[in-house]
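Written below as structure tokens is the structure these notes are about.
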Amino acid sequence: MPELPEVETTRRGLEPHVVGKVIAAAEVRRSRMVRRQHRDRDFAERIVGRRVLGLRRHGKAILGDLDGDLTWVTHLGMSGRISVATAGSPEPPHANVVLSIKGTAEEVRFVDPRTFGYMAVFTPDELAEWPPSKWGPDALAELPSAAKLREVFARRSAPIKAVLLDQGVVAGLGNIYADEVLFRAKVAPTTPANVLSTEQVAAVRKAVSPVLKAGLRHGGTSLNDLAYLLPDGRAGDYLSRLKAYGRDGEPCERCGTAIRRTVVRQRSSFWCPKCQPS
DNA sequence: ACCTCCCTGGCC
DNA sequence: GGCCAGGGAGGT
């Protein structure tokens, strides 16, 4: 449940269940899930008894402001999702971290089969050291101007797809939405960023917000494996609206040409060879 | 500025 | 069995 719309729908789904509430207990069943924590194994110790003052998001990270000036970080990685359910109800496999909420019958389960995600509670100093402090502006809330993007792209000869996936440039785009942005902008994923025309940079920039907002409106992209679900267990609906990602061999909706799959930086990329000339 | 690897599971 | 999967840290 990895990209920005999935993370934001998760944040919104989680918010009413935790904001203003106190974490009553924390069970870490796989210590790997808290491996980003500075001192080993004190995740539970740090979060228990804390009140959640607010829940924010930056890129693909969910940030919970706790009392005592601590920040509760959740990164869902590739296969992570949050489930809010009645304590004691049947659990899905890989509920690796479970938080109970004071005064309610609900618990928050961090489900993550591949364990690429993590949770941590950071002090302000630790938060400043945490890698995403090197993340760029949020793709939805603070998308850089076209001029700024032109400047950044001009310095990069890497494929535009790789640059869009670089969280240091813009935080929040992942493999699915990067392909969707490039399809909408009519730019091939393999195009070196520094050869994009001014118009193409503008088109890429202009595509980001509509693509992400459409993903949000539909609750994100639950793929067929249903690894990503909203916190209440509903599936996100955006899969059927994807125009490029996963549509290898299917006709492009604009021109009918078969969508192609190409590997860019070890990630699958889907694009229309006619609408997105390289 | 690149790979490689971290994991588990589903599908062919 | 082999390949694939919403990400990114770490080492080169």
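Lettering of chains follows the sequences in order, A, B, ..., and the numbering in each one begins at 1.
- By the ring-ring contact (aromatic ring centres under 6.0 Å, His included) test, A/Tyr238 is found to be paired with A/Tyr177, A/His218, residues two or more places apart in sequence or in another chain being considered.
- We find that CG of A/Leu4 is positioned 14 Å from C1' of C/dG7, with the value rounded to whole Å.
- The aromatic ring centres of A/Phe122 and A/His38 sit less than 6.0 Å apart.
- Distance CD1 (A/Ile176) to P (C/dG7): 7 Å, rounded to an integer number of Å.
- A salt bridge between A/Arg30 and A/Asp112 is absent, with no side-chain N of the basic residue lying under 4.0 Å from a carboxylate O of the acidic one.
- Using a cut-off of 4.0 Å between Lys/Arg side-chain N and Asp/Glu carboxylate O, A/Arg217 and A/Asp237 are scored as not salt-bridged.
- Atoms CG (A/Asp166) and C1' (B/dC3) sit 15 Å apart, rounded to a whole Å.
- The list of salt bridge (Lys or Arg N to Asp or Glu O under 4.0 Å) pairs with a residue in residues 224-235 of chain A, not counting sequence neighbours, reads A/Asp232-A/Arg234.
- Residues A/Tyr118 and A/His75 are in side-chain contact: their nearest non-hydrogen atoms beyond the backbone lie under 4.5 Å apart.
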#### Entry: Residues A/Glu6, A/Arg11; criterion salt bridge (charged side-chain N to carboxylate O under 4.0 Å, His left out); working and verdict
CA-CA 9 Å; A/Glu6 288 74 41; A/Arg11 187 197 68 77; over 6 Å; no
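- Under the side chain to side chain donor-acceptor pair (under 3.5 Å) criterion, A/Lys206 pairs with no residue, sequence neighbours left out.
- Residue A/Ala162 is out of contact with every strand shown, counting any heavy-atom pair closer than 4.0 Å.
- At a threshold of 4.0 Å, the pair A/Glu250-A/Arg260 does not count as salt-bridged, since none of the basic side-chain nitrogens sits closer than that to a carboxylate oxygen.
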### Summary
B/S/- along nucleotides 4-12 of chain B (protein heavy atoms under 4.0 Å) is B-BBBS---
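- Between the P atom of C/dG7 and the CG atom of A/Leu76 lies a distance of 11 Å, rounded to the nearest Å.
- Using a cutoff of 4.0 Å between basic side-chain nitrogens and carboxylate oxygens, A/Arg12 and A/Glu15 are not scored as salt-bridged.
- Spacing between atom CG of A/Asp179 and atom P of C/dA5 amounts to 11 Å, rounded to whole angstrom units.
- Separating the P atom of B/dC7 from that of C/dG11 is a span of 14 Å, rounded to the nearest Å.
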Atom pairs under 3.5 Å: protein N/O with N/O of nucleotides 8-11 of chain C:
residue	atom	partner	partner atom	Å
C/dG8	OP1	A/His75	NE2	3.0
C/dG8	OP2	A/Lys60	NZ	3.1
C/dA9	O3'	A/Arg36	NH1	3.3

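- Remark: A/Lys161 engages A/Asp179 in a salt bridge, criterion side-chain N to carboxylate O under 4.0 Å.
- Nucleotide C/dA5 holds its P atom 10 Å from the CG atom of A/Leu223, rounded to whole Å.
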### Task
Can you run through DNA chain B from 5' to 3' and write each base as (, ), [, ], | or . depending on how it pairs? Watson-Crick or G-U wobble, both distances under 3.5 Å.
||||||.|||||
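- Note on A/Tyr245: only backbone sugar-phosphate atoms sit closer than 4.0 angstrom, heavy atoms only; bases stay farther off.
- Comparing B/dG9 with C/dA9, their P atoms are spaced 24 Å from each other, to the whole Å.
- The pair A/Arg29-A/Glu91 counts as a salt bridge, with a side-chain nitrogen and a carboxylate oxygen less than 4.0 angstrom apart.
- Considering only side-chain N and O atoms, A/Ser268 lies under 4.0 angstrom from the phosphate OP1 or OP2 of C/dA5.
- Nucleotides B/dA1 and C/dG6, compared at atom P, are 24 Å apart to the nearest Å.
- Atoms CD1 (A/Ile62) and P (C/dG7) sit 14 Å apart, rounded to a whole Å.
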